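Owing to the predicted nature of the structure, the values given are computational and were not obtained by experimental measurement.
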Amino acid sequence: MSLQAPEFFAELCLPFPDSTVVGSTYYATPVAGAPLRLRISFTGTMHADTYGGLRLAIVHADRGEIDAVALSFVDHGTFHRRDEAHNTSANSKHYGTFGTYHRPGMPPWEGAVTTGLRDAIEQYTAVWFPGAWAASAPHRTAGRTAHKAPAPLAARSGGHTR
C-alpha cells in the first residue's frame, strides 16, 4: 500500500514554495539561488514497511550532504494521542510508528499530530536558512490534527450581575 508521502508533508505545512516530493522524500530550496537544499525522508525501523520518524538533511548542491538530524515520532509526540487511545504498549512495534499497511480510505499515518515535528523542523532549518520561514511562512490554518485554543474569557461590562 502507498505511504502517501505528499499528503504527509502537506500536513506539516512547510512554508517552502520551491519544493517537491519524489517518492517518499521531500526536497526544498528554502532560499532561492542558494546552494543549500533541504531533504526530508522517513526513517525506517527494524520492522519492514514501518517508519519511526523523519531524517532531515542539509545538502549542498556541489558538496553533497553536509549535516543531518533524525527526529523520532516518539520524541515529538506525533502518535502519542493515537497510542494512548488504542492502549498501544511502548514495547509494541506499533508504538510511535506507522506502516504502509492501514485502513482503506485512511492515510497510513492516521492519528498523527504533526505540530511537534513541524516545530522541530522549523528550529533545525532556521539555523541553515535564517529568515526563510518568516519570508515564506503561510498562516497556519486549523487542520484535522491542529489543536483548538480555548476562546478567551469575555470581558466584564461595567454593570453588576448576580
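One hydrophobic cluster, built from ILVMFWY side chains closer than 4.5 Å, holds both Leu117 and Val127. Taking hydrophobic clusters as Ile, Leu, Val, Met, Phe, Trp and Tyr residues chained together by side-chain heavy-atom distances below 4.5 Å, Val21 shares a cluster with Leu56. Ile121 and Ile66 fall within a single hydrophobic cluster, where Ile, Leu, Val, Met, Phe, Trp and Tyr side chains are chained together by heavy-atom contacts under 4.5 Å. Hydrophobic cluster membership differs between Ile40 and Val59, with clusters built from Ile, Leu, Val, Met, Phe, Trp and Tyr side chains linked at under 4.5 angstrom.
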*Evaluate side chain to side chain contact (heavy atoms under 4.5 Å, CB included) for Trp109 paired with Glu7, printing each intermediate quantity in order.*
CA-CA 10 Å; Trp109 36 269; Glu7 292 84 354; 3.7 Å; yes
*Derivation of the side chain to side chain contact (heavy atoms under 4.5 Å, CB included) call for Glu65 and Arg39*: CA-CA 9 Å; Glu65 186 174 299; Arg39 179 179 65 212; 2.4 Å; yes
*Could you please spell out the steps behind the side chain to side chain contact (heavy atoms under 4.5 Å, CB included) verdict for Leu36 and Val31?*
CA-CA 8 Å; Leu36 295 180; Val31 177; over 6 Å; no
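The ring pair (Phe, Tyr, Trp, His ring centres under 6.0 Å) search around Phe73 returns Phe79, Phe98, not counting sequence neighbours. Considering only residues two or more places apart in sequence or on other chains, Thr125 meets the side-chain hydrogen bond (donor to acceptor under 3.5 Å, both in side chains) condition with Trp133. Remark: Tyr124 pairs with Asp67 by the side-chain hydrogen bond (donor to acceptor under 3.5 Å, both in side chains) rule, at least two apart or across chains. In this view, Glu110 and Arg103 satisfy the side-chain hydrogen bond (donor to acceptor under 3.5 Å, both in side chains) rule, not counting sequence neighbours. Residues forming a side-chain hydrogen bond (donor to acceptor under 3.5 Å, both in side chains) with His47 (at least two apart in sequence, or on another chain): none.
A donor-acceptor contact shorter than 3.5 Å is absent between the side chain of Arg37 and the backbone of Ala28. Between the side chain of Thr45 and the backbone N or O of Gly52 there is no donor-acceptor pair closer than 3.5 Å. No side-chain donor-acceptor contact under 3.5 Å links Thr25 to the backbone of Gly23. At least one donor-acceptor pair under 3.5 Å links the side chain of Arg118 to the backbone N or O of Cys13.
For the atom pair CD1 of Ile58 and CH2 of Trp128, the computed distance is 6.5 Å after rounding to the nearest 0.5 Å. Once rounded to the nearest 0.5 Å, the distance linking CG of Leu38 with CZ of Phe16 reads 6.0 Å. Atom CG of Leu54 sits about 6.5 Å away from atom CG of Leu12, to the nearest 0.5 Å.
Between Pro108 and Gly99, the closest heavy-atom pair is CB-O, 2.9 Å. Minimum interatomic distance between Ser24 and Ala5 (heavy atoms only, all atoms of both residues): CA-CB, 3.6 Å.
Within the structure, every pair that satisfies the side-chain hydrogen bond (donor to acceptor under 3.5 Å, both in side chains) test and touches residues 68-79, not counting sequence neighbours, is listed here: Ser72-Asp75.
With ring centers used as reference points, Tyr26 lies 6.0 Å or more from Phe8.
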